[in-house]
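In what follows, a structure is listed as structure tokens, so that the remarks can point back to it.
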There are 2 protein chains.
Amino acid sequence: MKNYSIAKSRRLRSTPYTSRIEKQGVTAYTVYNHMLLPAAFGSVENACEHLKKKVQVWDVAAERQVEISGKDSAKLVQLMTCRDLSKSKIGRCYYCPIIDDDGNLVNDPVILKLADDKWWISIADSDVIFFAKGLATGNKFNVKISEPNVDIIAVQGPKSFDLMKKIFGQEIIELKFFGFDYFNFKGVKHLIARSGWSKQGGFEIYVQNTQSGQELYDYLFQEGKEFDVKPGCPNLIERIESGLLSYGNDFDNNDNPFECGFEKYVNLDSEIVFLGKEKLKKIKLGGIKRKLMGIKIDLDKISITKSININDDKGNLIGELRSACYSPHFKKVIGIAMINEPYCKASITGKLEIDGNSFTVNVCDLPFI
Amino acid sequence: MKNYSIAKSRRLRSTPYTSRIEKQGVTAYTVYNHMLLPAAFGSVENACEHLKKKVQVWDVAAERQVEISGKDSAKLVQLMTCRDLSKSKIGRCYYCPIIDDDGNLVNDPVILKLADDKWWISIADSDVIFFAKGLATGNKFNVKISEPNVDIIAVQGPKSFDLMKKIFGQEIIELKFFGFDYFNFKGVKHLIARSGWSKQGGFEIYVQNTQSGQELYDYLFQEGKEFDVKPGCPNLIERIESGLLSYGNDFDNNDNPFECGFEKYVNLDSEIVFLGKEKLKKIKLGGIKRKLMGIKIDLDKISITKSININDDKGNLIGELRSACYSPHFKKVIGIAMINEPYCKASITGKLEIDGNSFTVNVCDLPFI
């Protein structure tokens, strides 16, 4: 596939780490929340292998925060998600589908409860801030909504525990999965969560003090040498192998949470008030007509830039492939597809066409591993 | 400046014309409303000169539409903009700042009135659909909000009138500026407006029938040969020379309409109800503390990827440069900067630093021409 340049401008915001990753050899960007997100440092395959064995430092400042504070903040946050947050605790992260009044997905952020009246919605790629502002204004909620100056550094991979322990001490590796706390770096406190957009383990550092964050970024590389630390970014292969879904790629505002396998985050039986609740009850009752599934293809490369239709032998539409990559682990192409009923079975096979050639697609369950 | 690739994926949506512009030699993309927007076909300078003399066809499908229909649609559309739409007419386009409850800008779309109860908001780069959905839900408005399948082709440049007349007849060049109507192409009706993101004149074709739109795209090149038609895209040089502002580049959700020179679209004296009205009254009364102005620098090139501070001789902050380019017309760099009071005067000079070198900045009024 031909390469095209990205035309940079202020609108595609740089991060506090952009000049660093450019010195470190970033080769490709994507745009996420109107911000530059590194997409490759050379080979994505090599980076995947390294991520599974060592430790990487990622500039994921593009994971922006929507801060909601004030008297009605809990009410507003709950209104936006189908996940019951009534028993949520300060110091914990919650993966929460954000749902509109039609029962469709707006985003799938991790929500951090900072205080009973202060929350960060750590968003995927859509302007949740305007959804929140619209809802707050319309409902006359007493809240303050802003995008704070937070630029996340992720430290991911099995050796991230050694590296973070070396810098922050034993305490940090005792942090539970999806827990967060404040840790000191040279006199500056940083909010650090045990989280990240890979299944290889790691941490996300929510940098508010930019200068200290830049120093910490450099320090992670200095102290990480013995663990073979490398700059990296969310890895297409690793995330598909791990079944991590991506808003905009695998699902969007045309899909509902049941179609995306988010059942366990849809709490219809509780008393909580959230958007689309009645709609989701109806969908659950009627049953879904399609579902995100895995697919495998005997191919040694693929590049997905848009949905590709999957048909059966008679030409009936089985579904559409939305993300895919060659997986060195499975030694074939794997991908995530929205499959229509009655084809949502792991035994189904179909065909798709790439550049005029037809390939057999095997539908399978998610996650792959 | 080093070039970086754009990592394509379904999330950065392709348009119905993407495969065509890639055959025609697009070299760079930007991302706009989660969609690929061509940013260059080789030299931006040559393209600017061509645009000013001839005709170009642009894939601007990334200018997405938010369709608002239903009983309360006029009320919702008016709530979102400070421009008085009470006397708006069907068949007309209106440039409308979208304002939040804090009096800050959310977007600066062109709004098309399709019917008394049906509107298209033709948006700049932010998710207005979620702002509208939040407001509609919160206010319990009876409206339907969606992103329709509309992919705009722009035909821009002085020869666009000849080309469009050749295809659609005399009637189309009688369309008034910011008027729209439906025109027939081989049996399919297309909504066409006399509008576009250049000051060189032209049209925007709001394609709903994708197949007919693709045929029309090809036909524009076939019939345009005699007018030296070329593929193009919004041109950085032409838009800055013309003083066309860009949401995300020159202003964003941290700025209010008075700071951006949108006074004439802020109708505070009318009876209409819109968000941020009281806030904007206060701002008007108190006076603004900064303002978008032009700047000129005696330089033969520049590349802006983020804001650059402008200081006076004593190191006081005068403002920040947000967009700039080398202008062959002015034979120097021109740009758009947010200038702080008391420096908002065309006589002010300042300094900015690029790669460790200091350059003199002359503040001037907008527009440049």
Side-chain angles (χ1 to χ4, degrees), chain A residues 1-14 18 22 26-32 34 36-40 79-80 100-102 106-107 125-141 147 236 246-250 252-253 275 303-307 322-323, chain B residues 1-14 18 22 26-32 34 36-40 79-80 100-102 106-107 125-141 147 236 246-250 252-253 275 303-307 322-323:
Chain A
M1 199 181 56
K2 198 177 170 312
N3 277 331
Y4 298 95
S5 298
I6 189 162
K8 285 206 203 173
S9 67
R10 179 179 183 264
R11 185 171 56 76
L12 310 187
R13 298 177 288 179
S14 294
T18 300
E22 295 193 348
V26 63
T27 50
Y29 282 113
T30 183
V31 176
Y32 200 86
H34 315 278
L36 295 174
L37 175 65
L79 186 63
M80 292 198 287
D100 68 18
D101 210 30
D102 300 318
V106 170
N107 203 288
D125 181 31
S126 71
D127 295 337
V128 171
I129 190 167
F130 293 131
F131 192 52
K133 284 190 174 196
L135 286 169
T137 305
N139 286 290
K140 296 187 172 43
F141 283 155
E147 184 185 294
L236 181 69
S246 165
Y247 183 82
N249 284 314
D250 306 315
D252 59 33
N253 194 227
L275 295 179
S303 169
I304 298 288
T305 61
K306 58 183 176 182
S307 301
R322 294 181 172 183
S323 297
Chain B
M1 196 182 61
K2 198 178 171 309
N3 278 332
Y4 298 94
S5 299
I6 188 161
K8 285 204 201 175
S9 67
R10 179 179 183 262
R11 186 172 54 77
L12 311 187
R13 298 176 287 179
S14 295
T18 300
E22 295 193 347
V26 64
T27 50
Y29 282 113
T30 183
V31 176
Y32 199 87
H34 315 280
L36 296 174
L37 175 65
L79 186 65
M80 292 197 287
D100 67 19
D101 211 30
D102 300 318
V106 170
N107 203 288
D125 181 32
S126 72
D127 295 336
V128 171
I129 191 167
F130 294 131
F131 192 52
K133 283 190 174 194
L135 286 169
T137 306
N139 285 290
K140 298 188 171 40
F141 283 155
E147 184 185 295
L236 181 69
S246 164
Y247 183 83
N249 284 313
D250 306 315
D252 58 34
N253 194 229
L275 296 179
S303 170
I304 297 288
T305 62
K306 57 183 175 181
S307 301
R322 294 182 170 182
S323 297

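Protein chains get the first letters and strands the later ones, always in sequence-line order, with residue 1 at the start of each.
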Q. Counting distance only, does the side-chain N/O of B:Asp250 pair as donor-acceptor with the main-chain N or O of B:Ser246 below 3.5 Å?
A. yes
Q: Answer with side chain, backbone, both or neither: which region of B:Asp100 has an atom nearer than 4.5 Å to a non-hydrogen atom of chain A?
A: side chain
(Q) If I measure from the heavy atoms of chain B, does A:Thr27 come under 4.5 Å with its side chain, its backbone, both, or neither? (A) backbone
**Q.** Atom group of A:Val26 that falls short of 4.5 Å from chain B, counting heavy atoms
**A.** both
Q) Just by modelled atom types, is the B:Ile304 backbone N or O under 3.5 Å from a matching donor or acceptor in the B:Arg322 side chain? A) no
Q. Looking at B:Asp102, B:Asp125, B:Val128, B:Thr30, which one has more heavy-atom pairs under 4.5 Å with chain A than the rest?
A. B:Asp125
Q: Check whether any side-chain N or O of B:Tyr4 sits under 3.5 Å from a backbone N or O of A:Ile6 as a donor-acceptor pair, and report yes or no.
A: no
Q | Backbone of B:Asn249 reached by a side-chain donor or acceptor of A:Arg11 within 3.5 Å | A | no
Q. If you count heavy-atom pairs under 4.5 Å between each of B:Glu147, B:Lys140, B:Glu22 and chain A, which one has the most?
A. B:Glu22
Q: Would you mind checking which part of A:Arg13 comes under 4.5 Å of any heavy atom in chain B, side chain (CB onward), backbone (N, CA, C, O), both or neither?
A: neither
Q: Can you sort out the partners of A:Asn139 under side-chain contact (heavy atoms from CB on, under 4.5 Å), two or more places apart, ordered by chain and number?
A: A:Leu79, A:Leu135, A:Phe141
Q. In terms of heavy-atom pairs under 4.5 Å with chain A, which of B:Ala136, B:Ala132, B:Ser126, B:Ala39 leads?
A. B:Ser126
Q: Please identify each residue that fulfils ring pair (Phe, Tyr, Trp, His ring centres under 6.0 Å) with B:Tyr32, with sequence neighbours left out.
A: none
Q: Begin from the C-alpha positions of A:Leu36 and A:Lys8 and carry the test side-chain contact (heavy atoms from CB on, under 4.5 Å) through to its verdict.
A: CA-CA 9 Å; A:Leu36 295 174; A:Lys8 285 206 203 173; 4.0 Å; yes
Q | Residue, of B:Ser307, B:Ala40, B:Ser323, that accumulates the most heavy atom pairs under 4.5 Å with chain A | A | B:Ser307
Q | Side chain / backbone / both / neither for A:Leu275 at chain B, heavy atoms under 4.5 Å | A | side chain
